[in-house]
Amino acid sequence: MMAAQRRPINDDDASDSMILNQPLLVDATANDDENDAPPATTANHHLRHTLHPETIRNNFLQMSTLFAINHGCTVSCVGLANARLGSVGVWQSGVLYASYTAAALFGASYFVRRWGSRNGLAMGMGLSASYVTSFFLVTFVADGSEGMGWLRNAVAIGGALVGGVGSSILWVSQGTYFSCASQLFSEGEGIALEDVTGRFGGNFAFIFLVFEVILRLLSTFLIETAGWTWKVIFGLYSLQSILPVIFMMNVMDVERYQQQKGQLNNSLVEDGGIDDDSQNGLEGEARALPSHKATAALDLLRKDPKTKYLSPINILFGLSTAFGSSVLNGEVIQKVLVDPNSTFVGFYTAITSTVAAVASLVFGRLQSSHGTWFHCGKEQVLTMGALSYLIISLQFLIFPDGSDWNRLTLLSVYTFLGVGRATYEGTLRAVFADFFPREKEGAFANIILFSGTASTTGYVLSVTGALECHEVGKYCMEYSDGSIHNVLVMELVILVTAIVAIPSFWRAVWMFREERNIPNGGV
């Protein structure tokens, strides 16, 4: 009996069928014109069932935009936590990163594998919004009544606990969606996967960081020009973090499409329509679907040594984030600018985001050898990022307490932070997509595991008595709450980590090249 012919999928079919969770491949035997036409070959069937690459790219950009709005509100609040909430804000940030890390270790990867990256993005956004909303509620409680410090602290810590879990699910889902979209676009356009991940990584980081700039500047602008209160501003952030959750469900589920495409390719191989060599070049995710393990990050860490050598660069970013948020944003900037109301925290952190947005777009184009006059490998770009953090730690070693700083010094520090941030948000994720195309959830959970652990450690060291001094000195800074902390230890740890991270990362690159027989020319 002749198998029923199937009509090609157009963009509307694919988008609608994925949103409604209906089968992507539909029977078209009812079309008389098509039945009268000569039967298509099996190979043509395969080609006709492939979505147009621009459809994949447009959905990826739509996902990136919604992600950027939601998470931009989160990072804006992280930058204001210590400045607006004091010591409880630093504890809140520590809890946020602790739950963020724990979820990556024991559950985020399971959820994403179980329910898919698109649904994980929506769930992660919803939970992350609770962290942003906690700022509004804390400010509301503080303005509304006195003697409610316990409730204020409980709301702040509770929001961070839930928000950290949400951020973990969100970033693992983003990495999986990013990897699937890159693989599908690479197949459709016939471009090397490494080129696509570089370009997609740059596009994502650019969109993400542009919205972060806007949202960071929002607080400074509304306070200075409109005279809005922090309660109103945090209320606006809360609303903006919730709205993207609704629209995320309209984004195409590319992971599910990739799995169904893999199942189709398998059936064609069995029918003799595609030779084995062609099939081996396809990603075919459904061919060997991973088990739904909650400990995917640890499993990958045990079985693939590349993750071990990639861990120092994740640790470097995590430590630098904690140090920048708790010491630079929370203390140094207020000393240099005499800004007790934290008016310019949003402005200077927006400088970091602006530099990162521009740099990520440039890096993304330089990393792609397709259609560019100059190629710069991902390994060179990530080395630049690590060197940026190393320079910042050296600057703090020379001028530790901010007493000799000025606006130009602040500008240079926040600029180097932007370069480092660009390499982390775009290039590093592209590297993980290249290195672990079949272990997406475990790979991106590893980023969270090491960077989150480092950030948590950094925040704890910043507020506990572990690094407390008895009197103010060259490397003992007095915080705004009157406590005195040693900043030398964190500066040295960041410096040593940067020195270790660079050769360690190159070792992982060498291992990847040996596995794939790639000549020395870039990842």
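Index from 1, following the sequence.
- Ionic pairing of Arg421 and Glu212 is present here: one or more N-O contacts between side-chain nitrogen and carboxylate oxygen are shorter than 4.0 angstrom.
- Annotation: Phe200 is in aromatic contact with Phe60 [ring centroid separation under 6.0 Å].
- In this structure a side-chain-to-backbone donor-acceptor pair under 3.5 Å is present from Thr65 to Leu61.
- Note that CE of Met490 and CG of Leu319 are 5.5 Å apart. Values are rounded to the nearest 0.5 Å.
- Side-chain contact check for Ser117 and Glu255: at least one donor-acceptor pair (N or O, by modelled atom type) lies under 3.5 Å.
- Using a distance-only test at 3.5 Å, with no hydrogens or angles considered, no donor-acceptor pair links the side chain of Ser451 to the main chain of Asn314.
- Atoms CG and CG, from Leu105 and Leu301 in turn, are 9.5 Å apart once rounded to the nearest 0.5 Å.
- At least one donor-acceptor pair closer than 3.5 Å links the side chain of Ser388 to the backbone N or O of Met384.
- At a cut-off of 3.5 Å, with distance as the only test, a side-chain donor of Thr409 or Asn406 sits close to an acceptor on the other residue.
- The NZ atom of Lys231 sits 14.5 Å away from the CG atom of Leu236 when rounded to the nearest 0.5 Å.
- Looking only at distances, a side-chain donor or acceptor of Tyr237 sits under 3.5 Å from a matching main-chain atom of Leu215.
- Within the 4.5 Å cutoff, no side-chain heavy atoms of Cys476 are placed close to those of Glu471.
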Practice problem: Begin with the C-alpha distance, continue with both residues' side-chain angles, and end with the deciding distance and a verdict on side chain to side chain contact (heavy atoms under 4.5 Å, CB included) for Thr101 and Leu449. | Solution: CA-CA 5 Å; Thr101 305; Leu449 173 62; 4.0 Å; yes
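- Each of Trp228, Phe135, Tyr131 was compared with Phe234 under the ring pair (Phe, Tyr, Trp, His ring centres under 6.0 Å) criterion, and only Phe135 meets it.
- Ser311 places a side-chain N or O within donor-acceptor distance of the main-chain N or O of Lys308, the cut-off being under 3.5 Å.
- The shortest distance between side-chain heavy atoms of Asn446 and Leu310 does not fall below 4.5 Å.
- Although no hydrogens or angles enter the test, the distance criterion places a donor-acceptor pair under 3.5 Å between the side chain of Ser99 and the main chain of Leu96.
- Considering OG of Ser173 and NZ of Lys440, their distance stands at 13.0 Å, rounded to 0.5 Å.
- For the ring pair (Phe, Tyr, Trp, His ring centres under 6.0 Å) with Trp171, the qualifying choice from Tyr177, Phe444, Tyr424, Phe67 is Phe67, the only one to do so.
- In this structure, Asn70 and Ser128 have side chains that are in contact, with non-hydrogen atoms separated by less than 4.5 Å.
- Few gaps surround CZ on Phe111; more than 12 heavy atoms of other groups in view lie less than 6.0 Å from it.
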How far apart are the C-alpha atoms of Thr197 and Asp434, what are their side-chain angles, what is the distance that settles it, and do they pass the side chain to side chain donor-acceptor pair (under 3.5 Å) test?
CA-CA 7 Å; Thr197 56; Asp434 293 340; 2.7 Å; yes
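- For Arg429, the salt bridge (charged side-chain N to carboxylate O under 4.0 Å, His left out) criterion is met by Glu425, not counting sequence neighbours.
- Aromatic ring pairs are classed by plane angle as parallel below 30°, tilted from 30° to 60° and perpendicular above 60°; the pair Tyr414 and Tyr348 is tilted.
- At least one donor-acceptor pair closer than 3.5 Å links the side chain of Ser130 to the backbone N or O of Leu127.
- A donor-acceptor pair is defined here as one N or O able to donate and one able to accept, closer than 3.5 Å; such a pair exists between the side chain of Thr423 and the backbone of Gly420.
- To the nearest 0.5 Å, atoms CD (Gln92) and CG (Asn153) are separated by 10.0 Å.
- Scanning all heavy atoms of the two residues, the minimum distance from Ala498 to Ala386 falls at CB-O, 4.0 Å.
- One finds the CE atom of Met252 at 5.5 Å from the CD1 atom of Ile56 (value rounded to the nearest 0.5 Å).
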